[in-house]
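If you're wondering where the values come from, they're calculated on a predicted model, not measured in any experiment. In what follows, every chain begins at residue 1, and chains take the letters A, B, ... in the order their sequences are listed.
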Amino acid sequence: MTSPRSNFLKAVVERGYLHQCTDMDALDDSMGKGTISAYIGFDATADSLHAGSLVPIMLLRLLQKSGHKPIVLMGGGTTRVGDPSGKDESRQLLTEEKIEENLAGIKRVFSKFLTFGDGPTDAVMVNNADWLMGLNYIDFLRDYGRHFSVNRMLGFESVKMRLEREQPLSFLEFNYMILQAYDFMELSRRNGCVLQMGGSDQWGNIVNGIDLTRRVDEKQLFGLTVPLLTTASGAKMGKTAGGAVWLNEDKLPSYDYWQYWRNTEDADVGKFLRLFTELPIEEIERLEKLEGAEINEAKKVLAHEATKLCHGEEAALRAAETAQKTFEQGAFGGDLPSIEIDRGELEGGIGLLDALTRAGLTATNGEARRFVQQSAVKVNDEKVDDPRAQLNTAMLNAEGIIKLSVGKKKHALVKLT
RNA sequence: GGUGGGAUGCCCGAGUGGCUAAAGGGGGCGGACUGUAAAUCCGCUGGCUAUGCCUACGUUGGUUCGAAUCCAACUCCCACCA
């Protein structure tokens, strides 16, 4: 493969987005000739996307910046079936109302990363429920079912894995790849889409769509996959203490989002800067060369750039300021989570355990008790190891705030109403 | 439809009448060490108005002083046979 000439593919290779591509040279040619449309499909299994979906999202953004048209395919129809790829067990089927609700939440995420509209390179969002729900079973089987070889489908990784491990695979799920293949063909017909991208676990599904369209419409389509990311120490991307790293502000405050990137493992910094920021490569090469404690500077840049894309520059600066005050000056910043308490209530004294739980630092009083006993709890940066301790007005600082901490990283503020 | 096997805490998985809030592992969290990193070591890991109480071993009943453990019915899953 010669090195690509189109802006998009050049960047894809350079920044580490490429895992596999069906026909790099031919795709490069088409992209050089003019604007193309490409799509990525997203499940509607939750009401927000999380950091695990960020690579494909960034890929669509890069596509748009390179002068092409991104199509976001919402799996309103296929989510009703459930993708078996990469999963041991069938997924719980979601109700229709829940799926609709999830679609609405996910739409808000994309508006941050892509420009939607009617222009030639404006992004569009489509929902495969629009064409899948109306399919007639017998017609579908006769028109398209005959192009799928079961023999071949059994060889696909997603299916093979289930069969080898003797995990049940229902006929419903077995049909997922057929529906996704049909999606690709449908999008090529409706929107002139010629490229489907996705995670490396989608390779089989993508290739199926290309094959189907070649057989039925005699059209050449392309597929390109991105690597499925794990951190250098093997953990799945996008998981953290409190659960998933959501991209919607209402599910994960921008301060916590910033912290997630700030805590990136050393070995991942360069990779993440390439994938999740839009800094020039030369700048990234400079940053990833930093060693020892200096690499923290690179992590701050990563946190800033990533947060800026998702939540805006202002939120990123706010998070950085709070982090600086909290971690580097031993004070606290206004972006920390906070709870408000009535003065009268505080005068009467509030149990420490109760306060920790109300502030969201602990899930239950029992957990709070354990933390206190493990001397992990601080009030105004003073260690407290008596579970019966009370908060009172004497603890308020000059600004009328009490700072609570659990461990080194979790902090919250108690303010008066 | 028949026969056999299974369902345990976030996950995997021991446990076959009291010593079981349930071994062990994973994951997660806290502490030490550091650089808000990794690795390593130590500890914690059902809830509560807390020397006690409540909830929990698929569901519902039963036997027993006492059940995750025994019995019955039911639900779901798996395997083999038809």
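Look at A:Thr364 and you'll find a side-chain N or O under 4.0 angstrom from OP1 or OP2 of B:G47. For the OP1/OP2 pair of B:A37 and a distance below 4.0 Å, the side-chain nitrogens and oxygens of A:Lys409 include at least one atom meeting the criterion. One finds no side-chain N or O of A:Asn263 lying less than 4.0 angstrom from the OP1 or OP2 phosphate oxygen of B:A38.
Note on A:Ala323: a base of the nucleic acid sits closer than 4.0 angstrom, heavy atoms only. Backbone-only engagement by A:Gly407 is indicated by non-hydrogen atom pairs under 4.0 Å involving sugar-phosphate atoms exclusively. Using a 4.0 Å heavy-atom distance criterion, A:Asn365 is classed as a sugar-phosphate-only contact. Residue contacts for A:Thr326: at a heavy-atom cut-off of 4.0 Å it reaches no nucleic acid atom on any strand shown. Counting non-hydrogen atoms under 4.0 angstrom, A:Glu294 reaches nothing in the nucleic acid. In this structure, A:Lys300 reaches neither bases nor backbone, as no heavy-atom distance under 4.0 Å exists between it and the strands shown.
Comparing B:A21 with B:U55, their C1' atoms sit 10 Å apart, to the nearest whole Å. Taking the P atom of each, B:U75 and B:U63 are spaced 24 Å apart, rounded to whole Å. Comparing the P positions of B:G17 and B:A50 gives a spacing of 37 Å, expressed to the nearest Å. To the nearest whole angstrom, the two P atoms, one in B:A38 and one in B:G24, are 26 Å apart. Comparing B:A22 with B:C53, their P atoms are spaced 15 Å from each other, to the whole Å. Between B:U16 and B:A67, the two C1' atoms lie 11 Å apart (nearest whole Å). To the nearest whole angstrom, the two C1' atoms, one in B:G4 and one in B:U64, are 30 Å apart. Taking the P atoms as reference points, B:G25 lies 13 Å from B:C41, given to the whole Å.
Checking B:A37 for Watson-Crick or G-U wobble geometry (two distances, each under 3.5 Å) identifies no partner in any strand. Remark: B:G18 base-pairs with B:C65; criterion is Watson-Crick or G-U wobble with both hydrogen-bond distances under 3.5 Å. When both distances must be under 3.5 Å, the Watson-Crick or G-U wobble mate of B:G1 is B:C81. Base pairing of B:C48 is made with B:G52, judged by Watson-Crick or G-U wobble geometry with both donor-acceptor distances under 3.5 Å. B:C29: Watson-Crick or G-U partner is B:G43, with both key distances under 3.5 Å. B:G58 is paired with B:C74 under the Watson-Crick or G-U wobble criterion, all donor-acceptor distances under 3.5 Å.
With RNA chain B read from its 5' end, the first of the two nearest nucleotides for A:Ile295 and A:Glu367 is the one closest to A:Ile295. Closest-nucleotide positions on RNA chain B for A:Ala376 and A:Ala363 were compared, and the one nearer the 5' end corresponds to A:Ala376.
Rounded to a whole Å, the NZ atom of A:Lys271 is 19 Å from the P atom of B:A37. Separating the CD atom of A:Glu291 from the P atom of B:A37 is a distance of 18 Å, rounded to the nearest angstrom. Counting to the nearest Å, the P atom of B:C48 and the CG atom of A:Leu356 are 13 Å from each other. If you take CH2 of A:Trp258 and P of B:U36, they are 12 Å apart, rounded to a whole angstrom. Atom NE2 of A:His304 is separated from atom P of B:U36 by 21 Å (rounded to the nearest Å). For the pair A:Leu336 CG and B:U36 C1', the computed distance is 13 Å after rounding to whole Å. Distance CD (A:Glu328) to P (B:U36): 8 Å, rounded to an integer number of Å. Here the C1' atom of nucleotide B:A50 and the CZ atom of A:Arg388 are 12 Å apart, to the nearest Å.
Ion pairing between A:Arg274 and A:Glu288 holds under the 4.0 Å rule for side-chain N and carboxylate O. Ion pairing of A:Asp139 with A:Arg142 is absent here, as no side-chain N (NZ or NE/NH1/NH2) approaches a carboxylate O to less than 4.0 Å.
Of the listed nucleotides (B:G35, B:G30, B:A38), B:G30 has the atom at the smallest distance from the side chain of A:Phe371. Listed nucleotides: B:C33, B:G30, B:G35. Nearest to the side chain of A:Lys408: B:C33. Residue A:Gln374 has its side chain nearest to B:G43 when only B:C29, B:G35, B:G43 are considered. Counting only heavy atoms from C-beta on, A:Arg370 has its side chain closest to B:G47 among B:U36, B:G30, B:G47. Distances from the side chain of A:Arg369 to the nucleotides B:U36, B:A50, B:A38 place B:A50 closest.
Looking at every heavy atom in both residues, A:Gln64 comes nearest to A:Ala123 through NE2-N, 3.3 Å. Between A:Gly77 and A:Asn128, the shortest heavy-atom distance links the atoms N-OD1, 2.6 Å.
The CE atom of A:Met177 lies 9.5 Å from the CG atom of A:Asn175; values are rounded to the nearest 0.5 Å.
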Chi angles and distances behind the salt bridge (Lys or Arg N to Asp or Glu O under 4.0 Å) call for A:Asp381, A:Lys378: CA-CA 5 Å; A:Asp381 299 308; A:Lys378 288 180 185 163; 5.7 Å; no
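Aromatic ring centres of A:Tyr182 and A:Phe140 lie closer together than 6.0 Å.
The aromatic rings of A:Phe276 and A:Trp261 lie tilted to each other, with the angle between the two planes from 30° to 60°.
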